[in-house]
Amino acid sequence: MPKSSKKSSSKQKRNTVLLGLALRQRAPSGKWRIHFLWGRIVGLFLALFVLGYLAATVGLYFFLKNFRNYDDMTMGQAFSLPFDYKSVETRRGDYEIEKAIALMEDGKFKEAYFYLMAGVAHSPSNLEGRMLLSEFQIMTNRKSPDAAIRTLQGGIPYAQNNVDYLKRYIQLLLKYQMDFEVMEVTDKLLSKQPDEETETFLALAAATANFYRGNFDASEDYIREYNLDDQLEGTLLSARVSWERGQRQAAISKLEFSIGKFVSDEPIYAQLSNFYRTLENYEKARQYAVLRGVNSPLSVAPRIDYLLSLDKTDKREEADREAEAILRQFGNDERSLLALANYGTESGRVELARRIYEQALENDFNVAPFALLLIEAHITGGDYQGAINFTEQLANENPEWLEREMPVFNSLRAVAYYGVGNSDYSDIFLNQFLKESNVRVETLMAVSRRYIKLGGKEQARKILVKAVQDNESNQTALSNLIELEIDMGNSSQLGDYLKALLEMRRPSVELLEKAYRSLGSDRFIFTQNREALLIELDTILNPDKQPS
């Protein structure tokens, strides 16, 4: 048979099927059989995989670059993403955080916030991003720090020796009285033997947290074990521990023996001056205020401290001359001038406060705080009608800052009208003040003190109740409310308030003793949980008398 005939016969017996991936062949018996061509199949799938991978890489590149605004995305990163996903995501997160910082510099804070959220999610070890995000979270929700704390807490595994980061986290915990969390995290990090600087900071934080909770023995153990008294902050804390134990002379001696030991003695002089004022030894307080001023001649704070000491020693003329000297020296510095205005308000020096207000106007400073302090100076000095006249003048002029400061403005008007005996107008302005949201707790407490001084205990109580409701973790507001409830003989909620207080940091011994005496009297016999509270107060006040 010719060769061409044989080839034709062979082709009839077999042909390719399934797009050339298999061979269909007739067996000698006449049956058809299919043989898969595995070489072609493998080659095809490899080709499809490569083409698909390249297509996915290109798609991922354009998706991240154009739809996720990752401008630094490269084809190389897209190609390696499946093999190095974590590294690519980290670089993406770092880019988003850099983008957020640039947006903040341009004042685009809303966009910056979303970039920070994404950046921290993609790059959890970026500590700068975490700190910035925590600041945003605090600003957007000042009453609850939970989100900011969780953000910072997530960075702790990457921050073992980053003191700045640890300071931000622990200071936030201390600010919101989360002292037990501070104790836990500091002990955990100290056990990992951090570097010397970090170790000192963590030990000081642990000692401070224990001090706030009244664990004075534990606080002093940290001070001794980590030689914290070789540090200025440790020395100051050690003195405060002795002071709170009632060892007043020991506290003073610790500070006096430390003079000249550190770079600056100014904080030691400030604390000594404060201690001596508390002991009503105003002459000693004045001496240390003078030394503080010599130590920091360009700072206004020591000069104000000196003024307060002069007032307490009945040297008003000398205080007036010193205030005049400060006004001449610091009259063009807004912060210093504001500190002097606060002194003028506290001492009821209306004329000084007026001159400072006029100086602020002349220098084109933010005049709002100076105007409000002038109103308050009238009130402190007992010139309630003068305060009313000035508030009316401001209301008629209606400066642009007035609407922004309306809550504080109304509170001062309320106190001034109460001072002249006009309860109707006082109640009107007080109710307007209490309707405002987001009033600072410090403002609420200051207004309540004004009313208490004038005998308006019911008004003060309304203000403090709002302060506690709006700021449940503020121990000072709660302490003030408890003291007022005791003075007024109100027992209906005293038990709940005391229970909440005892779950906070160690309150002042004076308040605890006052509460213990009051609960033991018949006047408060119907206070809720009275017996349990008496037992708990007795345990705190008399720890040595408890059974071991």
Side-chain angles (χ1 to χ4, degrees), residues 53-176 178 181-182 185 188-189 194 198 201 205 366 404 437-438 440 473:
Y53 190 83
L54 289 174
T57 297
V58 172
L60 184 62
Y61 169 79
F62 283 107
F63 175 75
L64 290 175
K65 194 173 185 72
N66 297 321
F67 293 96
R68 287 292 181 263
N69 298 318
Y70 181 20
D71 295 336
D72 283 0
M73 185 66 183
T74 65
M75 286 296 296
Q77 289 182 26
F79 186 81
S80 65
L81 184 59
F83 309 103
D84 194 15
Y85 178 81
K86 187 174 181 180
S87 177
V88 173
E89 282 290 273
T90 298
R91 288 198 293 271
R92 176 186 170 189
D94 293 340
Y95 166 80
E96 288 165 331
I97 290 167
E98 290 174 6
K99 181 82 172 178
I101 294 171
L103 287 168
M104 283 189 287
E105 291 174 352
D106 293 337
K108 299 176 181 178
F109 297 104
K110 187 175 182 180
E111 293 178 54
Y113 175 72
F114 290 109
Y115 269 101
L116 277 175
M117 289 282 289
V120 170
H122 296 137
S123 180
S125 62
N126 191 310
L127 301 181
E128 182 183 11
R130 285 186 177 275
M131 287 195 286
L132 287 172
L133 180 57
S134 71
E135 290 175 12
F136 267 96
Q137 290 166 331
I138 286 292
M139 287 189 293
T140 54
N141 191 357
R142 293 186 180 277
K143 291 184 180 179
S144 175
D146 294 347
I149 287 173
R150 284 195 300 271
T151 295
L152 292 172
Q153 189 177 46
I156 293 299
Y158 314 103
Q160 183 174 343
N161 288 311
N162 190 317
V163 176
D164 290 337
Y165 188 86
L166 294 174
K167 279 183 179 179
R168 168 68 180 163
Y169 177 53
I170 289 175
Q171 285 171 356
L172 189 61
L173 293 177
L174 290 173
K175 179 180 178 180
Y176 288 92
M178 302 177 74
E181 286 81 351
V182 173
V185 72
K188 184 177 179 179
L189 291 173
T198 306
F201 166 72
N366 174 22
R404 185 177 67 250
S437 58
N438 298 323
R440 294 174 68 245
S473 63

Handout entry: Which residues share a side-chain contact (heavy atoms from CB on, under 4.5 Å) with Thr140, sequence neighbours left out
Key = none
For [X] and [Y], which heavy atoms make the closest approach, and how far apart are they?
X	Y	value
Leu127	Ala159	CD1-CB, 3.8 Å
Tyr158	Pro124	CE1-O, 3.5 Å
Ile170	Ala205	CG2-CB, 3.8 Å
Ala148	Leu172	CB-CD2, 3.9 Å

Handout entry: Residues forming a ring pair (Phe, Tyr, Trp, His ring centres under 6.0 Å) with Tyr165, sequence neighbours excluded
Key = none
Handout entry: Side chain to side chain, Asp164 and Asn162, heavy atoms closer than 4.5 Å
Key = yes
Practice task
Verify whether one side chain among Thr198 and Gln160 offers a donor that lies under 3.5 Å from an acceptor in the other.
Solution key: no
Pairwise distance [atom1]([X]) to [atom2]([Y]) - rounded to 0.5 angstrom:
X	Y	atom1	atom2	answer
Phe109	Phe114	CZ	CZ	14.5 Å
Tyr169	Ile156	OH	CD1	5.5 Å
His122	Ile97	NE2	CD1	10.5 Å
Phe201	Leu189	CZ	CG	10.0 Å
Asp106	Glu111	CG	CD	9.5 Å
Leu152	Glu135	CG	CD	9.0 Å

Exercise for the section: Determine whether more than 12 heavy atoms belonging to other residues, nucleotides or ligands lie under 6.0 Å from atom CD of Glu128. Expected result: no
Exercise for the section: Please indicate whether Met104 has more than 12 foreign heavy atoms, meaning atoms of other residues, nucleotides or ligands, lying under 6.0 Å from its CE. Expected result: yes
Practice task
Please report the C-alpha distance between Tyr113 and Leu103 in whole Å, then the side-chain angles of each, then the deciding distance to 0.1 Å, and finally whether the side chain to side chain contact (heavy atoms under 4.5 Å, CB included) criterion is met.
Solution key: CA-CA 9 Å; Tyr113 175 72; Leu103 287 168; over 6 Å; no
Handout entry: Step-by-step side chain to side chain contact (heavy atoms under 4.5 Å, CB included) determination, Asn126 to Val120
Key = CA-CA 7 Å; Asn126 191 310; Val120 170; over 6 Å; no
Fill in the blank from the handout: Which of Gln153, Arg168, Arg150 passes side-chain hydrogen bond (donor to acceptor under 3.5 Å, both in side chains) with Ser134? It is Arg168
